[in-house]
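Quick notes on the structure that follows.
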Amino acid sequence: MTSKTNTSAQNIFDEAPIGALIRFSDGTPRPPDRFKRKLQAWENANGTGRLSEKTPGSDRSPGMFTLHIGDITGNSGVKLVQFFRTYSVHSAGTFTIEGLPAPEAAAA
């Protein structure tokens, strides 16, 4: 089910399995490298993450999903900080399923 086509946040919530690699984008073009601040802001709104959690909606809030964006590790290899980004199923922007988890990954 590797999508490679742009879809909505609702479709990611409905169709993507936990562990899938998801690309997120705000639809703006990448600025030139010489514009450091603009490039940093663009990279914050456009990237990839691994689907780590889905939270069902309720009467008071819509469904949400969380992407694991990356980690900062210390010298000994211990994770010091983990970065996550959470999206509502109503989030603007586009999402793409870039890759699926290995079948044996679900057995753990």
Side-chain angles (χ1 to χ4, degrees):
M1 177 186 101
T2 304
S3 170
K4 294 291 187 180
T5 58
N6 293 339
T7 188
S8 68
Q10 180 70 57
N11 285 345
I12 295 297
F13 183 85
D14 292 340
E15 298 174 11
I18 298 295
L21 185 62
I22 307 296
R23 178 169 300 284
F24 54 94
S25 174
D26 64 0
T28 59
R30 185 180 192 278
D33 288 342
R34 69 180 182 273
F35 297 111
K36 301 293 183 198
R37 287 187 188 149
K38 288 182 182 181
L39 182 58
Q40 185 177 17
W42 182 87
E43 287 172 344
N44 192 39
N46 299 272
T48 58
R50 187 93 32 206
L51 184 60
S52 63
E53 182 180 2
K54 293 182 183 183
T55 306
S58 67
D59 293 339
R60 295 181 178 200
S61 65
M64 305 183 109
F65 62 90
T66 301
L67 301 178
H68 176 235
I69 305 301
D71 300 321
I72 294 178
T73 57
N75 292 339
S76 61
V78 176
K79 291 181 187 178
L80 299 176
V81 180
Q82 292 184 310
F83 295 98
F84 295 91
R85 179 157 303 145
T86 301
Y87 292 95
S88 161
V89 295
H90 302 303
S91 294
T94 56
F95 299 86
T96 306
I97 300 172
E98 292 287 318
L100 298 175
E104 61 273 6

Give me the atom names and distance for the closest heavy-atom approach of Ile97 to Ala20. CG2-CB, 4.5 Å
Test item: Arg85 side-chain N/O and Asn44 main-chain N/O as donor-acceptor pair under 3.5 Å: yes
Same cluster or not: Leu67 versus Leu100, using hydrophobic residues (I, L, V, M, F, W, Y) connected whenever any side-chain heavy atoms lie under 4.5 Å apart? yes
Drop me the distance from Asn75's CG to Leu80's CG, to the nearest 0.5 angstrom. 8.5 Å
Residues Pro56 and Phe13: closest non-hydrogen pair is CA-CZ, 4.0 Å
What residues, two or more places apart in sequence or in another chain, satisfy ring-ring contact (aromatic ring centres under 6.0 Å, His included) together with His90? none
Closer than 3.5 angstrom, by distance alone: can the side chain of Thr66 be matched with the main-chain N or O of Ser52 as a donor-acceptor pair? no
Please check: side-chain N/O of Arg23 versus main-chain N/O of Thr48, any donor-acceptor pairing under 3.5 Å? no
Same cluster or not: Ile72 versus Val78, using hydrophobic residues (I, L, V, M, F, W, Y) connected whenever any side-chain heavy atoms lie under 4.5 Å apart? no
For the pair Tyr87 and Phe24, name the ring-plane relationship: parallel under 30°, tilted 30 to 60°, perpendicular over 60°. tilted
May I have the step-by-step check of side-chain hydrogen bond (donor to acceptor under 3.5 Å, both in side chains) for Asp26 and Thr28, ending in yes or no? CA-CA 6 Å; Asp26 64 0; Thr28 59; 2.7 Å; yes
Is there a path of hydrophobic side-chain contacts, each under 4.5 Å between heavy atoms of I/L/V/M/F/W/Y residues, joining Phe65 to Ile69? yes
From Thr73 OG1 over to Lys79 NZ, what is the distance, rounded to the nearest 0.5 angstrom? 9.5 Å
Interatomic distance, NZ@Lys36 vs CZ@Arg34, rounded to 0.5 Å, equals 11.0 Å
Report yes or no: does Ser25 contribute a side-chain atom to a donor-acceptor pair with the main-chain N or O of Gly27 at less than 3.5 Å? yes
Identify whether Phe95 and Ile18 are in the same connected component of the hydrophobic contact network (ILVMFWY, side-chain heavy atoms under 4.5 Å). yes
What pairs with Phe84 under ring-ring contact (aromatic ring centres under 6.0 Å, His included), at least two apart in sequence or on another chain? His68
What distance do Leu51 atom CG and Leu21 atom CG have between them, rounded to the nearest 0.5 Å? 10.0 Å
All heavy atoms of Val89 vs all of Ala9, minimum pair found to be O-CB, 3.7 Å
